[in-house]
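Single-structure report; data block below.
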Amino acid sequence: MFNVLAKRQLSEAVFEITVEAPEIARKVQAGQFLIIRATEDGERVPFTFSDWSAEEGWIKFIFMKVGKTSHLISHLERNDVIADVAGPLGNPTEIEDKSRIAVIGGGVGCAVAYPVARALCDAGAEVTVIMGARKGELLILKEEFEALPLKDFIIMTDDGSAGEKGLVTAPLGELCKNGELDNAFAVGPAIMMKFCAATTGEYGVPTAVSLNPIMVDGTGMCGACRVTVFGETKFGCVDGPDFDAAGVNWNELMTRQRLYQEEERVADAEYAGSCSCHI
Amino acid sequence: MPYIDGKRRPSREPRQVMGMQDPKVRHRNFDEVALGFTEEQARAEADRCLQCKNPTCEQGCPVNVRIRDFIGGILDDDFCGGVAALRERNALPAVCGRVCTQETQCEAACVLSKKGTPVAIGGLERFLADWDRSREPGMRCKTVAAPRNGKRVAVIGSGPSGLACAGELSLLGYGVTVYESLHTAGGVLAYGIPEFRLPKSILQDEVEALRTARVEFKFDQVVGRITNAQELLDEQGFSAIFLGTGAGLPIFLGIPGENQNGVFSANEYLTRVNLMRAYDFPKTDTPVWRGNRVVVIGGGNVAMDSARTALRLGAAEVYLVYRRTEEEMPARIEERNHAKEEGVIFKELYAPLEVVGDQGWCTGLRVQRMRLGQPDASGRRSPMPIEGEESVIECDTVISAVGTRAHHLAGKISDVKMTDRGYVEADDDGRTSNPRIFAGGDIVTGAATVILAMGAGKKAAHAIDEYVKNRPTGAKV
């Protein structure tokens with residue numbers, strides 16, 4: 001059992017949970033993920049570490065309320081417990097110190113982008129963060145990003161309610177075109193990563209993406225998370241989660257993410273029927 | 001037991017047949033298929049045993065279970081004595097009584113097998129273990145362990161090899177901590193073997209017995225990520241480590257279309273159903289794909305388990321595609337028969353070519369008709385394609401059960417010497433290139449059986465004991 005130390009609501013549907021996990025906190029590196037099982041009957045669900053403290057022995061993860069499990073954990077409060085927390089899993093993101101790099105975070109993907117941007121800044125890289133969301137109130141971790149020594153911090157929203165109106169690919173394309181980037185790192189919805197990859201690909205800027213396929217065990221045992229990269233089958237959990245964006249078969253990834261849509265609806269309905277809150 | 005002139009005359013009755021759940025009923029439920037011997041049957045079956053002076057059956061067992069003595073316990077009406085004899089060399093008798101390949105091991109070596117009807121050793125093992133389990137926890141037969149010696153050993157992985165190693169070390173007086181990456185113990189016994197073959201409650205009872213024997217379990221610990229061998233030995237004070245991580249990385253066939261929706265590894269399919277209890281969804285939270293027409297590729301026990309699971313999840317038709325004939329299938333005869341009785345359709349001599357689909361969703365498996373050619377180096381007749389004979393089996397689900405291999409996390413645990421294929425190099429007693437690290441089970445041999453893995457874990461426990469005892473005091477290596 002793992003103790004919840006704090007919960008913070010970051011936007012209408014996005015939450016941050018802090019869990020006491022000293023052994024895990026000692027080992028986490030930017031880009032790695034954890035798997036939680038909220039209850040004894042719970043599903044194993046992967047989340048990315050958004051922050052941690054080896055000294056104080058805690059880890060944080062951020063998630064959007066979308067299905068039964070995420071609803072369940074959005075109700076957790078300080079002193080509640082989570083049945084299982086396993087991690088750190090996956091390979092850390094490669095951090096290059098001399099690179100001029102754009103870190104692109106879309107929606108809740110900013111939870112992954114933040115520790116990566118921070119690690120890059122710590123290593124001495126020249127970091128531009130591009131943050132995107134549908135609307136201003138969905139932007140998360142804005143203050144945290146602002147506290148980093150970034151070269152530039154660009155905000156894009158679909159409706160123009162914060163930052164510039166438009167997609168993250170617009171400023172990304174500009175940076176590529178002006179020759180201001182050696183590398184890029186993108187994390188967010190698959191469709192956003194796909195278009196980031198297309199944008200940087202046009203200018204030959206090497207780009208890493210952090211993928212979020214469906215997983216079960218997260219240790220290389222089940223093969224649920226397989227993705228095709230440069231025509232080869234890779235396992236998201238042990239070969240990733242970061243991959244070279246240029247080789248990812250995006251359509252396959254997006255189709256595979258939809259595999260359990262119907263079951264998710266069933267679980268949501270079942271949960272809504274047994275719970276006083278609303279989904 | 002009939003004695004004449006003080007001499008026992010073994011029964012010449014035919015071998016007892018275990019009761020089974022009716023195939024017409026069981027193919028839609030997850031309850032155990034084989035019902036076990038009744039006490040009467042167990043006595044009658046034990047009475048067939050010749051109690052040989054030189055019990056060849058024990059040599060046929062990878063852990064040399066004292067078979068003659070545990071059967072003797074049933075004969076003498078001393079069940080507890082039988083349990084003690086059984087447990088002395090086997091930490092998981094209720095598991096082994098169910099999933100061991102007795103027909104090729106102990107029972108094949110039974111003197112009576114010359115007449116084709118060996119003693120049902122597996123059935124008797126299961127009977128005794130279940131008899132003990134059915135008693136009040138405080139009343140269960142005691143095993144005698146050596147006094148604690150103050151030394152601690154870390155066991156990585158709680159599958160058959162790890163559990164056997166932990167049980168044996170505990171008997172030898174060691175403090176044992178088992179590190180498990182999942183949230184429950186058992187490894188492949190928990191995620192791979194279905195409820196209808198090995199109920200989880202039985203596995204949990206066996207694990208509980210180990211806990212009573214002061215084996216500590218640490219779950220959610222992905223060793224290689226959260227800690228490693230060097231930290232366990234140098235910082236945490238363990239005297240030695242046993243690596244029993246298994247070889248769980250599923251192999252895919254590498255055929256086109258394999259990453260479409262509806263195509264699963266047997267590991268994923270079985271893990272969702274067994275470990276995560278997806279058959280109870282939405283009462284439990286993990287879903288599983290419920291196909292209507294399911295094709296399973298492979299001919300081993302895992303393929304049988306997958307096919308039978310698909311039926312129980314409600315599939316209308318389940319096909320098993322195998323490129324040789326049933327005769328060459330590695331699955332146990334009993335499992336093959338159970339699968340057929342339940343309605344799995346065997347398609348022999350077909351090799352998979354491609355998963356066909358529509359917009360990323362599986363709609364069929366294109367297969368190649370095969371015939372058996374000349375025996376190859378291994379003596380098995382190799383399958384040869386019959387030119388021009390291709391067809392498509394329409395289906396919405398394909399489950400690939402063609403084996404597993406070592407995955408690279410094993411290499412992150414320690415710096416022991418590995419083979420080119422990613423397995424740990426170890427001798428027969430589990431010694432690796434690092435004197436403080438021992439290994440056994442699938443991570444050394446590649447995918448094998450539960451009992452072989454247990455045998456390796458036990459042998460390694462003795463090698464660990466020998467190493468720790470002979471190590472100069474205070475020596476680091």
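Chain letters run A, B, ... following the sequence lines, proteins first and then strands; every chain starts at 1.
Atom CD of A:Q9 sits in a crowded spot, with more than 12 heavy atoms from other residues, nucleotides or ligands closer than 6.0 Å. The environment of NZ in B:K412 is sparse: at most 12 heavy-atom neighbours from other residues, nucleotides or ligands sit within 6.0 Å. Within 6.0 Å of CD on B:E235 lie more than 12 heavy atoms contributed by other residues, nucleotides or ligands.
Side-chain contact between B:N261 and A:R256: present, with at least one pair of heavy atoms (C-beta onward) separated by less than 4.5 Å. Within the 4.5 Å cutoff, no side-chain heavy atoms of B:E268 are placed close to those of A:M215. Residues B:T286 and A:Y260 fail the side-chain proximity criterion, which asks for heavy atoms closer than 4.5 Å. Side chains of A:R226 and B:S265 form no contact here, defined as non-hydrogen atoms less than 4.5 Å apart. The shortest distance between side-chain heavy atoms of B:K283 and A:D41 does not fall below 4.5 Å. Counting only heavy atoms from C-beta outward, the side chains of A:M221 and B:T271 approach each other to under 4.5 Å. A:K27 has its side chain out of reach of B:R225: every pair of non-hydrogen atoms, C-beta onward, lies at least 4.5 Å apart. Taking 4.5 Å as the limit, every side-chain heavy atom of B:H407 sits out of range of all side-chain heavy atoms of A:F235.
Closest heavy-atom contact between A:E263 and B:F281: O-CZ, 3.2 Å. Across all their heavy atoms, B:P282 and A:A267 have their closest contact at CB-CA, 4.5 Å. A:G223 approaches B:P250 most closely through the heavy-atom pair N-CG, 4.0 Å. Taking both residues in full, the closest heavy atoms of B:R272 and A:V216 are given as NH2-CG2, 3.6 Å, listed atom of the first, atom of the second, then distance.
Within the 4.5 angstrom heavy-atom criterion, no atom of B:F219 approaches chain A. Both the backbone and the side chain of B:I226 come within contact range of chain A, each with at least one heavy atom under 4.5 Å from a heavy atom of that chain. Both the backbone and the side chain of A:T219 come within contact range of chain B, each with at least one heavy atom under 4.5 Å from a heavy atom of that chain. Of the two parts of A:V238, the backbone and the side chain both hold a non-hydrogen atom closer than 4.5 Å to a non-hydrogen atom of chain B. Heavy atoms closer than 4.5 Å to chain A are found nowhere in B:E180, neither backbone nor side chain. For A:R26, the part sitting under 4.5 Å from any heavy atom of chain B is the side chain, from C-beta outward, and nothing else. Residue A:L34 does not touch chain B at all, counting heavy-atom pairs closer than 4.5 Å.
Remark: A:F2 pairs with no residue by the ring-ring contact (aromatic ring centres under 6.0 Å, His included) rule, at least two apart or across chains. The ring-ring contact (aromatic ring centres under 6.0 Å, His included) check on A:F47 picks up A:F61, A:F63, with sequence neighbours excluded.
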(Q) Please determine whether side chain to side chain donor-acceptor pair (under 3.5 Å) holds for the pair B:Q221 and A:E23, giving the CA-CA distance in whole Å, both sets of side-chain angles, and the decisive distance to 0.1 Å. (A) CA-CA 9 Å; B:Q221 298 271 323; A:E23 290 175 309; 3.3 Å; yes

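Of the listed residues (B:F264, B:W361, B:F252), the one with the most heavy-atom contacts under 4.5 Å to chain A is B:F252. Taking B:V263, B:L270, B:D280 one by one and counting their heavy-atom pairs under 4.5 Å with chain A, the maximum is reached by B:V263.
Atom CZ of A:R37 sits about 9.5 Å away from atom CG of B:D285, to the nearest 0.5 Å. Rounding to the nearest 0.5 angstrom, the gap separating the CD atom in B:Q359 from the CG atom in A:N251 is 11.0 Å. Residue B:D220 holds its CG atom at 7.5 Å from CD1 of A:I24, rounded to the nearest 0.5 Å.
Along residues 181-193 of chain B, the residues that come nearer than 4.5 angstrom to chain A, judged on non-hydrogen atoms, are B:S181, B:L182, B:H183, B:Y191 in order of number. For residues 80-93 of chain A, heavy-atom neighbours of chain B at less than 4.5 Å comprise A:A83, A:D84, A:V85, A:A86, A:G87, A:P88, A:L89, A:G90, A:N91, sorted by residue number.
Side-chain polar atoms of B:N259 and A:T233 form a donor-acceptor pair below 3.5 angstrom.
Salt bridge status for A:E262 with B:R290: absent, with no side-chain N to carboxylate O gap under 4.0 Å. In this structure, A:E40 does not pair ionically with B:R277, as no charged nitrogen and carboxylate oxygen lie closer than 4.0 Å.
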